[in-house]
Colleague: 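Quick one: this structure, given as structure tokens, is what I'll be asking you about.
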Amino acid sequence: MAQDGTSRQSAREDVRRAVLITEAHTSVEEQHRARVRKYLFIMSFRIPALVLAALAYAAWQNPWIAMAIVGASIPLPWMAVLIANDRPPRSDDEPSRYGWRAQNTTAIESSAHPVVTVDADVDETPTGEASTRAAVTAKRPGPVGT
């Protein structure tokens, strides 16, 4: 019975590790067929919208209603292409091929930079003329923000 119990346990582990077919990705052909169906479904509203615009103009003699219907049908091809070209969302186990990763860098540097201040001193020369002489001093402050 001990051997039988261990074989049942290993069989259960094998079942847990088995890959189910329902977890398999859809084939490229199936994805393409689904995208073509989406495109055709959206584009199937284009011609009826133009016919509806003609019927609305004939019924009410109001070009604004007809133009509104035509205007609503204008972005349909663009939307159909965007929706049909969309792929299924990525699964968590699918690798990302985009190489850049966000880094922990700050936008403002935190290292200390020298600060230069200019002080103007007035000196009198023997001729009595006053001249200005700039005194430049450099200071090294602490970290930014202190």
Colleague: So, taking the atom named CE in M43 and the one named CE in M79, what distance separates them when rounded to the nearest 0.5 Å?
Modeller: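 Output value for this atom pair is 10.5 Å.
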Colleague: Looking at CG of L55 and CG of L50, how far apart are the two atoms once the value is rounded to the nearest 0.5 Å?
Modeller: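 Between atom CG of L55 and atom CG of L50 there are 11.0 Å.
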Colleague: For the OG1 atom of T26 and the CZ atom of R33, what is their distance to the nearest 0.5 Å?
Modeller: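 Answer for the OG1-CZ pair, T26 versus R33, is 10.0 Å.
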Colleague: Find out if a path of hydrophobic residues (ILVMFWY) with successive side-chain heavy-atom gaps under 4.5 Å connects I42 to V81.
Modeller: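 Not linked; separate clusters.
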Colleague: Minimum heavy-atom separation for R35 and A84, please, with both atom names.
Modeller: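 Scanning both residues, the minimum pair turns out to be CD-O, 2.5 Å.
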Colleague: Taking the side chain as every heavy atom from C-beta outward, state whether Y39 and I83 have any atom pair closer than 4.5 Å.
Modeller: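 No, every pair of side-chain atoms sits at 4.5 Å or beyond.
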Colleague: Nearest heavy-atom pair of S73 and A49: which atoms, and what distance?
Modeller: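 In terms of heavy atoms, the two residues are closest at CB-CB, 3.8 Å.
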Colleague: Indicate, with yes or no, if F45 and V36 share a hydrophobic cluster defined by side-chain heavy-atom contacts under 4.5 Å among Ile, Leu, Val, Met, Phe, Trp and Tyr.
Modeller: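 No, it is not one cluster - the side chains of V36 and F45 are not joined through contacts under 4.5 Å.
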Colleague: Which distance, rounded to the nearest 0.5 Å, do you find between the CG of L76 and the CD1 of I47?
Modeller: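 Spacing of CG (L76) from CD1 (I47) equals 11.0 Å.
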Colleague: Could you give the distance from CD1 (I74) to CE (M67), rounded to the nearest 0.5 Å?
Modeller: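 Going from the CD1 atom of I74 to the CE atom of M67 covers 7.0 Å.
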Colleague: If you define the side chain from C-beta out and look only at heavy atoms, does anything of N62 sit under 4.5 Å from I65?
Modeller: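 Side-chain contact under 4.5 Å: yes.
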